[in-house]
Amino acid sequence: MKNYKQNADFLYLGKALLAWYGIYGRDLPFRKTKDPYKIWICEIIFQQTRIQQGLDHYNKFIERFPDVASLAAAETDEVLLYWKGLGYYSRALNLQKAAVQIMTEFGGVFPDNYNDILSLRGVGPYTAAAVSSICFGMHIPAVDGNFYRVLSRVFADDTDISHSSSFAYFSELALRLMPPGEAGTFNEAVMDLGSEICRPRNPLCDQCPLQKDCRAFQLGRTAEFPVKTKKTAVKELKLTYYFVRFGNEILIRRRAEDHIWKKLYEFPDEVPVNLLPVVMETNTVYHKLSHRNLSIDFVDVFPEKRTEFEALAQAGSYQIVTLEQSLLHSFPKPLENYIAAQVARP
DNA sequence: AAACCGGGGAT
DNA sequence: ATCCCAGGTTT
């Protein structure tokens, strides 16, 4: 811990945050409950995901899977279907594993302490801290990206958040601000401040309850915090698919588990040789994402190849589904968009 | 410690 | 085009 923070009492900062939160805190659906199941679901959904993006998924997920038992009993495919479009699909797979874990290891009762919650699949230090503080009042800071930003700015602290040890560092720092008995509310308050006021770029310092105490603001250096030296490496990924269509039916299959989009569905990545010759549309749909290039060629199978088409499903390499049925499977977003475009096509 | 895992919005 | 979001798991 840096010298300037030694023996300091920063409790008044936490209290100022709570006062601000009482007035300006966001009104979100999961703020109305302390059901650990619901808080857990929302913490997982909003990992690396903006509130706006995941809100609809949260509401529909809770409606379909209202408790641990219903999630544990569900088919994995249906859980993935409700996760469609959120990304980081292992979160959904882990979610269900953890639900089963709660049924078998905890007798169907959601664990009520940090260590037991941490033992759940897909639950790390942040999520365990969030659930145990919000639902069970445990005095633990839930240190996420918002904490890094808010705390590093308030103290003009140049500790590099790229380093793994910075989690413990900022956790200890957060403890100095956290009012006793208010851990859950305090954690939510920091998240809201980080999201709405102490934003990554163009922070609204004039509306910040901590402005007069903020070292970075006083120095005019808010843009310099948090310090993050590690740069996110952009890896290029090229994917080629064929949209093999026979009338209103297409070929799909489940992806393997060893790469992105694990257990989701996809199209063939080659034209099955048995179906040749085929009519292939010359203009390739080229989908550009941030670090991915995806091309999809449209393939129209000749009517006399019906037997060969069905043989692909008999052999187990592919499933044959109608365009409408395909939308009931969990596809990666770009493939889902492509199907939707084909359904809409005249 | 570093790589890997998505999709989307803001700038 | 780049950054980053209520991070966790694997190597």
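Throughout, protein chains are lettered first and strands after them, A, B, ... in sequence-line order, and every chain is numbered starting at 1.
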Notebook entry, point to check: With a 4.0 Å cut-off on heavy atoms, is A:Lys228 in touch with a base, just the backbone sugar-phosphate, or nothing at all?
Noted result: sugar-phosphate
Check: Do A:Leu13 and A:Phe147 belong together in a cluster built from hydrophobic side chains that touch within less than 4.5 Å?
Finding: yes
Note to self: Give me the distance, rounded to whole Å, that separates B:dG6 from C:dT11 when you measure between the P atoms they each carry.
What the structure shows: 15 Å
Notebook entry, point to check: Quick one: A:Leu118 CG to C:dG7 P, roughly how many Å, whole number?
Noted result: 16 Å
Item checked: Gap between atoms NZ and C1', on A:Lys333 and B:dG6 respectively (whole Å) -> 12 Å
Check: OP1 or OP2 of C:dT10 sitting under 4.0 Å from any side-chain N/O of A:Arg121?
Finding: yes
Item checked: Under-4.0 Å side-chain N/O to phosphate OP1/OP2 contact, A:Lys230 with B:dA3 -> no
Margin query: Less than 6.0 angstrom from the centroid, inside 45 degrees of the normal: does A:Arg306 satisfy that with respect to the ring of A:Phe246?
Written below: yes
Notebook entry, point to check: With nearest nucleotides of DNA chain C determined for A:Gln47 and A:Arg149 from heavy-atom distances, which residue corresponds to the more 5′ nucleotide?
Noted result: A:Arg149
Check: Which ones in residues 37-46 of chain A lie close to DNA chain C, meaning a heavy atom under 4.0 Å from one of its atoms?
Finding: A:Cys42, A:Glu43, A:Phe46
Next item on the list: Among A:Phe243, A:Phe298, A:Tyr242, find the residue that satisfies the ring pair (Phe, Tyr, Trp, His ring centres under 6.0 Å) test when tested with A:Phe267.
Entry: A:Phe243
Note to self: Measuring from the side chain of A:Ile51 (C-beta onward, heavy atoms only), which nucleotide among B:dC5, B:dG7, C:dA6 has the closest atom?
What the structure shows: C:dA6
Next item on the list: Return no unless some side-chain N or O of A:Gln53 is found under 4.0 Å from OP1 or OP2 of B:dG7.
Entry: no
Notebook entry, point to check: Roughly how many Å is it from CG in A:Asn146 to P in C:dC5, rounded to a whole number?
Noted result: 7 Å
Notebook entry, point to check: Do the side chain of A:Arg91 and the base of B:dC5 come within less than 3.5 angstrom through a donor-acceptor pair of N or O atoms?
Noted result: no
Next item on the list: Would you kindly compare A:Leu264 and A:His163 by the position of their nearest DNA chain B nucleotide and give the one closer to the 5′ end?
Entry: A:His163
Next item on the list: Using the salt bridge (charged side-chain N to carboxylate O under 4.0 Å, His left out) rule, take A:Arg253 and A:Asp269 through it: C-alpha gap first, then chi angles, then the decisive distance, then the call.
Entry: CA-CA 10 Å; A:Arg253 67 179 177 188; A:Asp269 60 359; 3.3 Å; yes
Check: Which of residues 189-206 of chain A have a heavy atom under 4.0 Å from DNA chain C?
Finding: A:Met191, A:Arg201
Check: What residue among A:Val271, A:Leu276, A:Leu251 forms side chain to side chain contact (heavy atoms under 4.5 Å, CB included) with A:Val299?
Finding: A:Val271
Check: Just how far, in rounded Å, is P of B:dG7 from CG of A:Asn337?
Finding: 10 Å
Check: Would the A:Phe10 and A:Phe155 ring centres measure less than 6.0 Å apart?
Finding: yes
Next item on the list: Please state whether the phosphate of B:dG6, meaning OP1 or OP2, lies under 4.0 angstrom from any side-chain nitrogen or oxygen of A:Trp83.
Entry: no
Checklist line | A:Arg50 side, atom CZ; A:Leu55 side, atom CG - distance, nearest 0.5 Å | finding: 14.5 Å
Next item on the list: Return the value, rounded to whole Å, for the distance between atom CD1 of A:Ile260 and atom P of B:dA3.
Entry: 18 Å
Check: Going through the checks in order, is the salt bridge (charged side-chain N to carboxylate O under 4.0 Å, His left out) test met by A:Arg254 and A:Asp77?
Finding: CA-CA 10 Å; A:Arg254 190 197 293 279; A:Asp77 272 1; 2.8 Å; yes
Notebook entry, point to check: What distance, rounded to whole Å, do you find between the two C1' atoms, one in B:dA1 and one in C:dC5?
Noted result: 23 Å
Next item on the list: Between B:dT11 and C:dA6, how far apart are the P atoms? Round to whole Å, please.
Entry: 14 Å
Next item on the list: Can you sort out the partners of A:Arg255 under salt bridge (Lys or Arg N to Asp or Glu O under 4.0 Å), two or more places apart, ordered by chain and number?
Entry: A:Glu266
Next item on the list: Could you tell me the separation between the CD atom of A:Glu257 and the P atom of B:dC5, rounded to a whole number of Å?
Entry: 14 Å
Next item on the list: Would you indicate, yes or no, if C:dA6 has its OP1 or OP2 atom less than 4.0 angstrom from a side-chain nitrogen or oxygen of A:Thr49?
Entry: no
Note to self: Can you tell me if A:Tyr89 touches the phosphate of B:dG7, counting only side-chain N or O atoms and a distance under 4.0 Å to OP1 or OP2?
What the structure shows: yes
Next item on the list: Show your reasoning for whether side-chain contact (heavy atoms from CB on, under 4.5 Å) applies to A:Phe186 and A:Tyr21.
Entry: CA-CA 8 Å; A:Phe186 171 79; A:Tyr21 178 73; over 6 Å; no
